[in-house]
Structure formats: structure tokens, C-alpha cells
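By convention in this document, chain letters (A, B, ...) are assigned in the order of the sequence lines, proteins followed by strands, and residues within each chain are numbered from 1. Side chains included, hydrogens not; waters and symmetry mates left out as well; all remaining heavy atoms used.
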Amino acid sequence: MSNSCKKPSCEKAYITTPIYYVNDIAHIGHAYTTIIADTLARYSRMAGMETFFLTGTDEHGQKIEEAAKKRGESTQAYADKISATFKDLWDDFDISYDKFIRTTDEDHMKGVQKAFSTMHANGDIYKDTYKGHYCISCETFFPSIQLVDDEFCPECGKSTTIVEEESYFFKLSAYEDKLLAWYNDTPDCILPRSKKNEVIRFVEGGLTDLSITRTSFDWGVKLPADMNDPKHVMYVWLDALMNYVTALGYGGDEENMDFWPARVQLIGKDILRFHAIYWPAFLMSLGLPLPKHIAAHGWWTRDGEKMSKSKGNVVNPKEVADAYGLDNFRYFMLREVPFGGDGDFSQKALIDRINSDLGNDLGNLLNRVIGMSGKYFEGKVESSNVAKYYQAELDEVHASLDKLEPLLYEMQIHRYLEELWRPLTVANKAIDMYQPWTLMKEGREEEAMALNGLISAILAKVSIMLSPVMPAICKKISTALCFEINNDTWKSMVKDTTLLAPFTLEKIDPLFPRIEEPLLTQIEPVDVKVAPKKDSKKEESTEGIALIGIDQFFQTSLKVGTVVKAEEVPKSKKLLLLQVDVGEAEPRQVVAGIKEWYSAEEMLNTQVCVVANLKPAKLMGMVSQGMLLAAKDEDGLCMIRPEKPKTAGTPIG
RNA sequence: GGGUCGGUAGCUCAGUUGGUUAGAGCACUCGGCUCAUAACCGAGUGGUCCGGAGUUCGAGUCUCCGCCGACCCA
């Protein structure tokens, strides 16, 4: 680990990702969180901070216990297997974590018990009874008014059970004022700001005490032995959240506790409440300082649609990285999305970023200077006269570089990258303005040589600041320019204005070959055989099919319809625009994604089954007032139609 | 039902405490250049800043009322 710097003055940076729940294998959301954290960690190290970067897996809970049982495996073996898929992916992605923690680690479990004892000793834990409708799948209690038909989970639709159990409670209610004071006193404690307001309002609305143990399952951390209450295990959030300090040795050797408090704790916006409310309350109870920043990022959609396994449009990060390059994928994710907002993944957007930003602006610039130095100076680059001729350009470059660091600390990584591109524009402009080919003709070799020095220096400075985002590519650039990216060059070339020592520039292959066509014909969903469960708590509904009552079925209005008009939607591969008579005064406009299998002519005057009470939706700007029933398998799609002609509007049931 | 955040160019977004003619990138059109990956540079097209009312000498920015969208909670 990073123990090189023991001076008390040395700044420390502890950066964490959430620990990922082992009910799923890694998807683009996991990769996004981890890559942001990795970028911050790499920057911290480069900037000379002693850095500790933590990631890991969350492995306890009833759901894991049951998933393992279903597969006939031991719970531990199952957890081992899924945990390893995360670790392997991060290793594959060259994620620079310092520790990979698992909640099944002995040290972690001891630390959680220590925390429980401490909170208990401080009077923040008491025993009571918990009663409610419990959804096993969502691991959540719901008040009865929220249930669907008095029984079913409002989140996933599965049956809930009434659970009355003895539980230990954490006095969350006692921390309301202290939490509000924290939000108030530390402006950037929760990023982005918009999310912070949400949290504040929630806390102002009043907090209820938190049930932190369960007796209904075993797969979890037991209470401390001296509590003498062996049927209880810790509830998942106490167990999981504590990982951030047990990883540093809390409750054990305390070896790395001087890294606490964390500089940045990255999370997805779904788990903001746990991290912005429960977690700081736990820390206050333990007498530990609070993290500097909790940063919540948004979701990724795919071609504008929510990703979900049932749609089969989940992006597999490994597949994308393999096809387009890991560094390119990292750049895309960090450049494309304003932090906190949702991002959309599409191959077109990815290709545009690679060709335009990376290829045209950055890669081509390196080729330009390689070409010029090769043609005019046999590859030699010498920088002694750069300031003499190009001080204005240097000033402009450093003005941009100076703006970068704060943007990173504010988690404005997309702005960071945007600003980082300005020096490249300065370089490209300078070549055009000073025209080295003209300089050479006029015998002004000193100026031409200095220009190459300027361009090389700009590339070097940019590659240093880009290296946390694109480590492998920047290593290639620095190798070509004969320097190393490290704390020394960061200080001299970015913080200070040093240029490159004389060197010889060899020709290298283009860093970003132009991409003309999508490289993935179809992005396969992640392998669902390993873990058939959904990623976010919200969507954990598709394992098995929830049973519904007949009344729920009849909430859907299905009708026979006749297609009275059909045309193709221009510029769309998939969509047909249909007018369907469903027995109403006017035909319904329905936009159907069936063009790949049915032409407009084929659809005209045929009968279809229409979902008639669907909320209208807009597709490519056109309102669709219904949906056609169809069946799709690997051989394609076919419409579901009445066997014999029926009057338009005939109900189906 | 309550709350939070958005709505600015064809697309993605920036617009600091209200202050000249509302910006950037991509895309598009035209021109220039040849060191370079059909790359680069310049110019240009393109905006009722969601709508309405108000405060003000002055509103994209502040207030109120709507509409639309995303999310959180009950």
C-alpha cells in the first residue's frame, strides 16, 4: 500500500466506491462509479497525496442466502464466486484500488461488532419489536397503505409477508439536528447540490429510528458476544456502511485509520439516503469525523432507454472496453455526462467522442508534430526558444491548466475534460497561424523548431492532466515525448511552466484510428445465468413471474383493431406509423417498432391486438396512443392477431 | 398528495452577485492550408432562453401562477 509518505504534513486522500452487492454481476453503472473513483485516486497520487482507494463487495443478507440455496451452493461459495467476478473485472480494467474489501472478511465483521458495541455503550441502540409487511426481494418493510391489494410489494409486485420480530434500533431520530447542522455548515458535503436539498428536506420532515438487526435469517454479522443475543444478525446497511472504516482497520489494528475521514465517497444516486443520513449519523454515534464529500452520480441509459434485463439492453462494460479500448471508454463516460445527471450510452455518441475529441484534436496533433519534426529536423525537438516566440500561447495554455484542479474537486469531470481540450486548440491554431512550412522556406528554422517545442510541451502537459482518465494512452504519449508522468513532472510542467528537455520524436502508430462503423453489431446483455437478479433495488422483480389477480389483468384494456393507414417513419429503422381503428370516433395513432419485420403495405388493412389504455408516449416526436401485441424470439417478431376477423374495438379477454 | 432538480441553437450542455449585440462543443454550409488520422484553421447558418403575469432604468438570471420532464417521499 501507499506508505511512502509518513510526514504529518502530507495530505491524505481516501476515496471509496460503494461495495457492490453480489446479487448481480458488474454492469456499466458499477464500472462508471469505479472508473470515476479510479480517476480521482490516480489524480491524488499524481498530485503527491498519500492515497487510499477502496472498493469491494457487499455479501450479506437474506437475498444472497436464498440465491445460494436455489443453486444448491453454500452461501459462502456463492458469494466467493460473484465477488470474484467484480474483482476480476477491476483487475482487467486496471483499477488502481488499494484494498478490495468483502463484508464476509473476518476483520470487517469484527469491526462491525465493535461499532455496534460502541453505539450501544453510547446509548444509541435499544431493543424493541418491529412489525410490518416485509418484501424479501426488496429487503424492505412497507406500511400497509402502500401495498397493492393489501398484500403485494409496491416496488416489485411480489407477495409480502407480515413480519413481527424483535429488533435492535438505532436512535436515528436523535441525530436530526446534528445532521442538519452538518449539511448547513459544509456546503459541498453532498454533491451535486441539487441532491443535497432533497436530503435536507427529507431530514427536516423528521427521522424515525432505524431497525438495525434481523432474526429472520442467519447470513450476516452476529451481534457482539457480550450482547448475549445470538439470534440477531446485523441488518444490511449497518454492516455495509461500516466497511468504509473497517477497511482502514477500525475495530482492529487501526493501521490506516489516519486516512479517515474520506475525501470523496462515490455512490449512485439510489443509495444517497443511506450515505447522506444513516452513515453520518452512525459516524457521529461512533465519535468519528464525517466524510468531506459524498458524491452521487446518475444512471446510464442505453440509446435513450432505461437499461433493464427484461429489455435485454444492458451494456456490458467489458464488451465495450474490449471493442473500443478501455481508455476510450473511460474518456467517453467521464466526458459525456455532467456529474449527477443521467447519461446515455450509444455507440454513435461513443464513436463521435473517439473520432472527434480523441482522434482529430489529440491524436492528430501528435501526428502533426511527429510529421513536422521528422520532415524538418530528423525528429529532433528542442525547446529553448519556445518562450521567445510563443509566450502568448504558453500563457493561454497555463491559464487553462490552472482552472483544472478545482473542477475535479467539485466533481465537474466533464468540465475538467472540456477545459483540458483548450490547450489542444491553442496548439492546432498555432500551427496554422505560424505555418512552419513557410518558416522553413524562409529559413526561419529557429522559429519552426520552437514551434515544435511548443506543440510537444502542450501535448506533454495535457497528457499529464489526462493521465488519470486515460492512463495507458497517456503513457504512450509520454513515451513518445521521452518524459515520464509522475509527481515531479506534474509539479514542473503543470503547476510550473517547465518545457520538455531536448529529445528525438519517433514515428508511432496513430493513437486513435478513425472508427467508421459501430464495432459491436449488437451489445449482448451481461450473462444472466450467473446471477439472474436485477441490479437496483427498484427493479428486482423479474426473477420468476409475479402472480397477479384477475382484476389486475383486467386493468389492461385490450381491443381488436384494424389498421386503416400505415406509413414508414422516415429516418427510423424500427418504426412504423399506424392509424388503428379500435371502434372509437377517430382511429388511434400508434407508433410501432416493427419495421424490421413488417412493411407498411403488409400491415395495411390487417387486424391487430391493441393495448388501449396505455399512457400515450412520444416516439421520435410522434405521439403513440397504444401498443400492439407481438411476440419476438431469436427468429424475429410476429404480430398477435385475431384468428378470424372481428369488429374493430372488440374487447379481448 | 408533499418535496427536489431541470426545461437555453438540430443535438449535448455553459451562462458567476440581474448589466452592452445570450456562449461552447458536435452537426451543417462556404472559404483557407498541406505538417497531420477526409484530419486542422477561419467565416457563416441557426435561439419567442417552456408559457404567462409581476418587481426593476434593465430579467435567461429575482417573485408568483401554470405546462412538461426526471427523481425522492407518503
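If you look at A/Tyr32 and A/Trp300, their ring centroids are closer than 6.0 Å.
At a threshold of 4.0 angstrom between heavy atoms, the contacts of A/Asn364 include nucleobase atoms, whether or not backbone atoms are also involved. Contacts of A/Arg193 with the nucleic acid, taken as non-hydrogen atoms under 4.0 Å apart, are absent. Within 4.0 Å of A/Leu365, counting heavy atoms only, lies no atom of the nucleic acid at all. Heavy atoms of A/Phe512 sit under 4.0 angstrom from at least one base atom. Using a 4.0 Å heavy-atom distance criterion, A/Arg201 is classed as a sugar-phosphate-only contact.
Between A/Lys196 and A/Glu198 there is no salt bridge, since no side-chain nitrogen of the basic residue lies less than 4.0 Å from a carboxylate oxygen of the acidic one.
Using the Watson-Crick or G-U wobble rule with both distances under 3.5 Å, B/G1 pairs with B/C73. Base pairing of B/U55 is not made with any nucleotide, judged by Watson-Crick or G-U wobble geometry with both donor-acceptor distances under 3.5 Å. Taking a pair to require two hydrogen-bonding distances under 3.5 Å in either a Watson-Crick or a G-U wobble arrangement, B/G60 remains unpaired. Checking B/G10 for Watson-Crick or G-U wobble geometry (two distances, each under 3.5 Å) identifies B/C26 as its partner. Applying the Watson-Crick and G-U wobble criteria (two distances, each under 3.5 Å), B/C40 pairs with B/G32.
For the P atom pair drawn from B/G19 and B/U61, the interatomic distance equals 11 Å after rounding to whole Å. Taking the C1' atom of each, B/A38 and B/C49 are spaced 36 Å apart, rounded to whole Å. Rounded to whole Å, the separation between the P atoms of B/U63 and B/C5 comes to 11 Å. Nucleotides B/G58 and B/G44 are separated by 31 Å at their C1' atoms, to the nearest Å. Straight-line distance between the C1' atoms of B/U21 and B/C71: roughly 38 Å, to the nearest whole Å. The gap from the P atom of B/G32 to that of B/A70 amounts to 49 Å, rounded to the nearest Å. Nucleotides B/G7 and B/A43 have their C1' atoms positioned 32 Å apart, rounded to a whole Å. For the P atoms, the distance linking B/U56 with B/C67 amounts to 28 Å, nearest Å.
Closest to the A/Arg514 side chain, of the nucleotides B/U37, B/C5, B/C41, is B/U37. Considering only the side chain of A/Glu198, B/G3 comes nearest among B/C5, B/G3, B/C40. With B/C73, B/C40, B/A70 as the candidates, the nucleotide lying closest to the side chain of A/Lys269 is B/A70. Set against B/C40, B/U37, B/U34, the side chain of A/Arg368 has B/C40 as its closest nucleotide. Residue A/Arg273 has its side chain nearest to B/C73 when only B/C73, B/G32, B/U37 are considered. In the set B/U4, B/C35, B/C40, B/U4 carries the atom at the smallest distance from any side-chain atom of A/Asn197.
With the nearest nucleotide of RNA chain B identified for both A/Arg353 and A/Pro510, A/Arg353 has the one nearer the 5' end. Heavy-atom distances to RNA chain B give each of A/Gly359 and A/Gln435 a nearest nucleotide, and the one nearer the 5′ end belongs to A/Gln435.
The base of B/G25 does not come close enough to the side chain of A/Asp357 for any donor and acceptor atom to sit less than 3.5 Å apart.
Relative orientation of the A/His297 and A/Trp299 rings is perpendicular, given thresholds of 30° and 60° on the angle between their planes. Between A/His27 and A/His30, the ring planes lie tilted relative to each other; the angle falls in the 30° to 60° range.
A donor atom on one side chain and an acceptor atom on the other are not found under 3.5 Å apart for A/Glu204 and A/Tyr183.
Remark: C1' of B/C35 and CG of A/Asn360 are 16 Å apart, rounded to the nearest angstrom. Atom P of nucleotide B/A39 and atom CD1 of A/Ile455 are separated by 20 Å, given to the nearest angstrom. Taking atom CG on A/Leu454 and atom C1' on B/C35, their separation rounds to 14 Å, with Å as the unit. Rounded to a whole Å, the CD1 atom of A/Ile508 is 20 Å from the P atom of B/C35. Whole-Å rounding puts the A/Met449 CE to B/C35 C1' distance at 14 Å. Atom NZ of A/Lys348 and atom P of B/G10 are 16 Å apart (whole Å). A straight line from CG of A/Asn452 to P of B/A36 spans 12 Å, rounded to a whole angstrom. Here the C1' atom of nucleotide B/G6 and the NZ atom of A/Lys196 are 19 Å apart, to the nearest Å.
Contact between the side-chain N/O atoms of A/Lys429 and the OP1/OP2 oxygens of B/G42 is found at a separation under 4.0 Å.
Both the sub-6.0 Å distance and the 45° axial angle are not jointly satisfied by A/Arg302 relative to the ring of A/Phe345.
Tested against A/Tyr175, the residues A/Trp279, A/Tyr278, A/Phe170, A/Phe282 include a single ring pair (Phe, Tyr, Trp, His ring centres under 6.0 Å) partner, A/Phe170.
Heavy-atom contacts from other residues, nucleotides or ligands closer than 6.0 Å to NZ of A/Lys269 number more than 12.
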Output one line per pair: protein atom, nucleotide atom from nucleotides 13-15 of chain B, and distance, for all N/O pairs under 3.5 Å.
none

Original post:
What do the steps show when you test A/Trp237 against A/Tyr21 for ring pair (Phe, Tyr, Trp, His ring centres under 6.0 Å), and what is the final call?
Top reply: CA-CA 11 Å; A/Trp237 281 108; A/Tyr21 204 35; 8.9 Å; no
**OP:** Evaluate the criterion side-chain hydrogen bond (donor to acceptor under 3.5 Å, both in side chains) for residue pair A/Tyr390 and A/Glu447; output intermediate values, then yes/no.
**Re:** CA-CA 9 Å; A/Tyr390 308 109; A/Glu447 286 169 64; 5.1 Å; no
